Amino acid sequence: MKTKKVFEEDKYLSKLQSEILEVIPEKEDIVLLILKDTIFFPGGGGQSHDIGNLWISDDASFDVIEVFEKDGEIFHRIRTGTLSGTRSDSNQSDSDSNPPHSGLQPGLNSFPLQPGLKCFMELDWNRRFDNMQRHCGEHILSGVFYELYGGVNRGFHMGDDYMTIDISLEDNPEYVNLKEMTWDMVMAAELKTNQIIWKDLPVTAYHFDTKEEAEKIPMRKALAIDEDITIVTIGDLSHPADSVACCGTHPATTGQVGMLKIYKVEPNKGMFRIYFDAGERAFMGYRRRFDILTRLEKDLSAGVPDLLDKYAAKQEKQKEARDRLFHLTKSVQEAEKERIAKSINDESESEQNGDIFEYSILTVDDVIEIGRSLEGRIPGILYLIHQPSLTLLVFSDKHDCGKLVKENASVFNGKGGGNQKFARAIFTRRDDLDMFITGVKNLLR
């Protein structure tokens, strides 16, 4: 490997001067760089890569949009069309030094990237520390599941909204047939994890050239690699809270993780998937939920001890109100069916193309149900108007309702459709709706 992994020696170093060793054009505005030294973590062990900036002069930089390791080399993917910014030297470590000014003026192609060119890199530190908190939190939680239940972490995913681990209990006779991990088990693991965080235990990375050397350290998971091994240990080697091979970046102590919160657990392919988060993200997630809880307390005039009881009481009242509304609606619909049927029966044949009834409280679906219940009893045309939405519902046993609407609604700035027995037309003005009815009546005379 040509690149020195400075991030392994000092994971808190956020700025560093280096030199371009190779430039590999990739796309019109994208190149890959191999650098002499790097503080950019290339991703691995479930942790995403770092991003940041690569400075060529004091007043301009290129975006480092991806860093990855392939065939023993670390590649920095640079967007050459992102020249921008003014470098800040605030919080610069003692090992930093100002890059030599090239004397070139800022511009899209002002700085040809070429081997031998000095550069100055700067991490997106917030992203790095976020990853450090979350990744270390995952280590601690996995170690706790292993200690408490013999659970083995078979999978780890670090997403934007939460992290997941897949815990297998197949190696523990006590839990091998467990179909559901209880919430009490999960909460016990969460508490112990946070207790380890609060102890502010040291987090140490040990590097070994061979598997034989690495296996002298106690680990919760067997090694899957034979050389260039890093073991991350939490706490004292004699009785670590966790110890496992990992290439990611971690804080110096568990206290910097801050906190960990488990959101839920569910069965997954014979294992148990744990949804959780750690660090600032866990805190922000907790704060969002607390704000929601506070609003609910205010709306229900309740405190935390009686919030669920008051919520249940409100749900019961709403159910009673829905039931009452349902029965009242059915009662109104039945009365309307009888009223319309009587009106139709009392009409002469010449009047049977003009029955109009309007509704403002019932929903459109409620009105449709009234009209459909009269099928077989409508010798002419029945017009039911839903006033709030200016929706006209047309019913007939004699005329093709769908054809009437499709051929005439647009003439009056309406739109709609339907079938032979029932159609609807929607208007934006009441005058247009009334003119449509008048037009259809004239058409059917």
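Because the structure is a prediction, the values reported are computed rather than measured. Heads up: numbering here begins at 1 and tracks the sequence.
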Keeping Arg372 on the side-chain end and Lys421 on the backbone end, is there a donor-acceptor pair under 3.5 Å? no
Nearest atoms (heavy-atom pairs only) where Ser142 meets Ile165: OG-CD1, 3.9 Å
Nearest heavy-atom neighbours spanning Ala278 and Met163: N-CE, 3.8 Å
Strictly distance-based, threshold 3.5 Å: is any side-chain N or O of Ser14 a donor or acceptor partner for the main-chain N or O of Leu123? no
Determine whether the side chains of Asn131 and Thr249 contain a donor N or O and an acceptor N or O closer than 3.5 Å. no
Exactly one of Leu260, Leu141, Thr253, Ile234 clears side chain to side chain contact (heavy atoms under 4.5 Å, CB included) with Ile197, and that residue is Leu260
Check: Phe436 ring centroid to Phe427 ring centroid under 6.0 Å: yes
Please report the closest heavy-atom contact between Ile20 and Cys119, naming both atoms and the distance. CG1-SG, 4.2 Å
Working to the nearest 0.5 Å, report the span between CD of Glu369 and CG of Asp366. 7.0 Å
Are Leu178 and Met185 close enough, and set up right, to give a side-chain contact (heavy atoms from CB on, under 4.5 Å), and what steps lead you there? CA-CA 12 Å; Leu178 188 69; Met185 292 173 66; 4.0 Å; yes
Could you check whether any side-chain heavy atom of Ile51 comes within less than 4.5 Å of a side-chain heavy atom of His49, counting everything from C-beta outward? yes
Keeping the roles fixed (side chain from Arg281, backbone from Asp160), state whether a donor-acceptor pair exists under 3.5 Å. yes
Between Asp71 and Glu73, does a side-chain contact (heavy atoms from CB on, under 4.5 Å) hold up when you go through it step by step? CA-CA 6 Å; Asp71 299 330; Glu73 292 294 347; 5.9 Å; no
Determine whether Tyr263 and Arg289 make a side-chain contact, defined as any pair of heavy atoms from C-beta on separated by less than 4.5 Å. yes
Say whether, by atom type as modelled, one donor and one acceptor occur between the side chain of Glu190 and the main chain of Ile262 under 3.5 angstrom. yes
Checking side-chain hydrogen bond (donor to acceptor under 3.5 Å, both in side chains) against Tyr275, which of Lys261, His157, Glu266 comes through? Glu266
To the nearest 0.5 Å, atom CZ of Arg322 lies from atom OG1 of Thr329 at 13.5 Å
Short side-chain to backbone donor-acceptor contact, Ser373 and Ile370, under 3.5 Å: yes
Which value, rounded to the nearest 0.5 Å, describes the distance between Glu66 atom CD and Arg77 atom CZ? 4.5 Å
Take atom NZ in Lys36; do more than 12 heavy atoms of anything else shown fall under 6.0 Å from it? no
Nearest 0.5 Å please: distance from the CG atom of Asp166 over to the CG atom of Asn268. 5.0 Å
Heavy-atom closest contact (Val364 atom, Arg424 atom, distance): CG1-NH1, 3.8 Å
Would Val244 and Met219 count as a side-chain contact (heavy atoms from CB on, under 4.5 Å) if you check the C-alpha gap in whole Å, the side-chain angles of each, and the deciding distance to 0.1 Å? CA-CA 5 Å; Val244 71; Met219 286 176 282; 5.6 Å; no
So, the side chain of Asp236 versus the backbone of Ser238: is there a donor-acceptor pair under 3.5 Å, distance only? yes
Do other residues, nucleotides or ligands put more than 12 heavy atoms under 6.0 Å from the CD atom of Glu227? no
I need the minimum non-hydrogen distance between Val394 and Cys401, along with the two atoms involved. O-SG, 3.6 Å
Any donor and acceptor pair, going by atom type alone, linking the side chain of Gln17 with main-chain N or O of Lys118 inside 3.5 Å? no
Pair Arg287-Glu280, salt bridge (Lys or Arg N to Asp or Glu O under 4.0 Å): steps then yes or no: CA-CA 10 Å; Arg287 189 160 74 176; Glu280 183 176 344; over 6 Å; no
Between Thr230 and Cys247 (side chain of the first, backbone of the second, donor and acceptor by atom type, cut-off under 3.5 Å), is there such a pair? no
Neighbour count above 12 (heavy atom, 6.0 Å) for Lys314 NZ: no
Within the supplied structure, the quantity of interest is the number of heavy atoms (other residues, nucleotides, ligands) at a distance under 6.0 Å from Glu180 CD; does it exceed 12? no
Do Arg429 and Phe412 touch side chain to side chain, with heavy atoms closer than 4.5 Å? no
Enumerate the side-chain hydrogen bond (donor to acceptor under 3.5 Å, both in side chains) contacts for residues 290-307, please, sequence neighbours excluded, ordered by first and then second residue. none
For Leu223 against Ala245, the heavy-atom pair lying closest together: CD2-CB, 3.6 Å
Heavy-atom neighbours of Gln114 CD exceed 12 at 6.0 Å: yes
Quick one, Phe208 with Ile217, criterion side-chain contact (heavy atoms from CB on, under 4.5 Å). Give me CA distance, side-chain angles, the key distance, then yes/no. CA-CA 11 Å; Phe208 301 95; Ile217 289 184; 3.4 Å; yes
Nearest 0.5 Å, what's the CD1-CG distance between Ile385 and Leu393? 9.0 Å
Would you say that Thr3 contacts Ile34 through its side chain, given a criterion of any heavy-atom pair below 4.5 Å between the two side chains? yes
Is atom CE of Met435 surrounded by more than 12 heavy atoms (other residues, nucleotides or ligands) closer than 6.0 Å? no
Walk me through it: do Asp50 and Arg128 pass the test salt bridge (Lys or Arg N to Asp or Glu O under 4.0 Å)? CA-CA 6 Å; Asp50 288 324; Arg128 160 66 73 81; 2.6 Å; yes
I'd like to know if the side chain of Glu69 and the backbone of Gly43 have a donor-acceptor N/O pair within less than 3.5 Å. no
Could you check whether the rings of Phe75 and Phe68 sit parallel, tilted or perpendicular, using 30° and 60° as the cut-offs? parallel
Can you label the angle between the His135 ring and the His250 ring as parallel, tilted or perpendicular, going by 30° and 60°? tilted
Got more than 12 heavy atoms from elsewhere within 6.0 Å of OH, Tyr359? yes
Test item: Leu35 and Phe40 side chains (from C-beta on) under 4.5 Å apart, heavy atoms: no
State, yes or no, whether a side-chain contact exists between Thr38 and Val6 at a heavy-atom distance under 4.5 Å. no
So do Leu296 and Tyr311 actually touch side chain to side chain, heavy atoms under 4.5 Å? no
Contact between Leu21 and Pro115 at the side-chain level, heavy atoms closer than 4.5 Å - yes or no? no
Working to the nearest 0.5 Å, report the span between CE of Met181 and CD1 of Ile274. 5.0 Å
Check against salt bridge (Lys or Arg N to Asp or Glu O under 4.0 Å), Arg154 and Asp171: CA-CA 12 Å; Arg154 301 294 189 192; Asp171 294 335; 3.5 Å; yes
Got a donor-acceptor contact below 3.5 angstrom from the Thr254 side chain to the Ile196 backbone? yes
